[in-house]
Amino acid sequence: MAQHTQMAQSNMSFLNSRPALPVLAQWAVLFAVLVTKWSLRHRTRCQLKHLSDAQLKDIGVSRADAHYQATLPFWRP
């Protein structure tokens with residue numbers, strides 16, 4: 001456990017000692033994160049449309065709620 005803690009601390013000190021990313025790189029990372037979120041929302045909402053009533057009951061979602069969530073655009077949380 002001590003070795004893991006020491007390694008984590010050395011990794012953090014390495015990251016903290018590195019210069020910050022250039023502004024353009026920061027924007028590129030933020031854009032990639034945003035597109036990834038949108039893609040995940042789109043995929044999960046498409047899959048939600050195809051769940052059976054039994055599966056929806058297992059996760060505690062009504063058919064109406066599932067339909068509402070499935071029809072939201074990918075950019076809406």
Side-chain angles (χ1 to χ4, degrees):
M1 180 70 174
Q3 183 182 8
H4 176 69
T5 304
Q6 183 181 11
M7 190 167 80
Q9 288 174 347
S10 67
N11 288 341
M12 288 304 295
S13 63
F14 171 75
L15 291 173
N16 288 335
S17 68
R18 298 199 35 101
L21 287 174
V23 174
L24 186 58
Q26 290 177 12
W27 280 98
V29 169
L30 290 174
F31 180 73
V33 168
L34 181 64
V35 169
T36 302
K37 283 182 184 181
W38 285 350
S39 175
L40 179 63
R41 282 184 197 151
H42 176 72
R43 284 193 321 261
T44 55
R45 288 176 178 166
C46 285
Q47 292 170 351
L48 187 61
K49 286 190 283 190
H50 301 293
L51 292 179
S52 68
D53 289 335
Q55 290 170 323
L56 290 172
K57 184 179 177 184
D58 282 347
I59 62 173
V61 176
S62 71
R63 175 62 61 192
D65 290 338
H67 176 72
Y68 172 74
Q69 286 296 323
T71 58
L72 286 175
F74 63 88
W75 62 85
R76 298 241 348 248

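Small disclaimer: the values here were computed from a predicted structure and weren't measured.
When all heavy atoms of Gln26 and Leu21 are compared, the closest pair comes out as NE2-O, 2.9 Å. Closest of all the heavy-atom pairs between Leu56 and Ala66 is CD2-CB, 3.8 Å.
Here His67 contributes atom NE2 and Leu72 contributes atom CG; the two are 10.0 Å apart, rounded to the nearest 0.5 Å. Between the OH atom of Tyr68 and the CZ atom of Arg45 there is a distance of 8.5 Å, given to the nearest 0.5 Å. Going from atom NZ of Lys57 over to atom CD of Gln55 covers 13.5 Å, rounded to the nearest 0.5 Å. Between the OG1 atom in Thr36 and the CG atom in Leu40 there is a gap of 9.0 Å [rounded to 0.5 Å]. Separating the CZ atom in Arg41 from the CD atom in Gln69 is a distance of 10.5 Å, to the nearest 0.5 Å.
Under the 4.5 Å side-chain heavy-atom criterion for grouping Ile, Leu, Val, Met, Phe, Trp and Tyr, Val29 is not connected to Val23 through any hydrophobic cluster.
Between the side chain of Ser39 and the backbone N or O of Val35 there is no donor-acceptor pair closer than 3.5 Å.
Using a 4.5 Å heavy-atom cutoff, the side chains of Leu51 and Ile59 are in contact.
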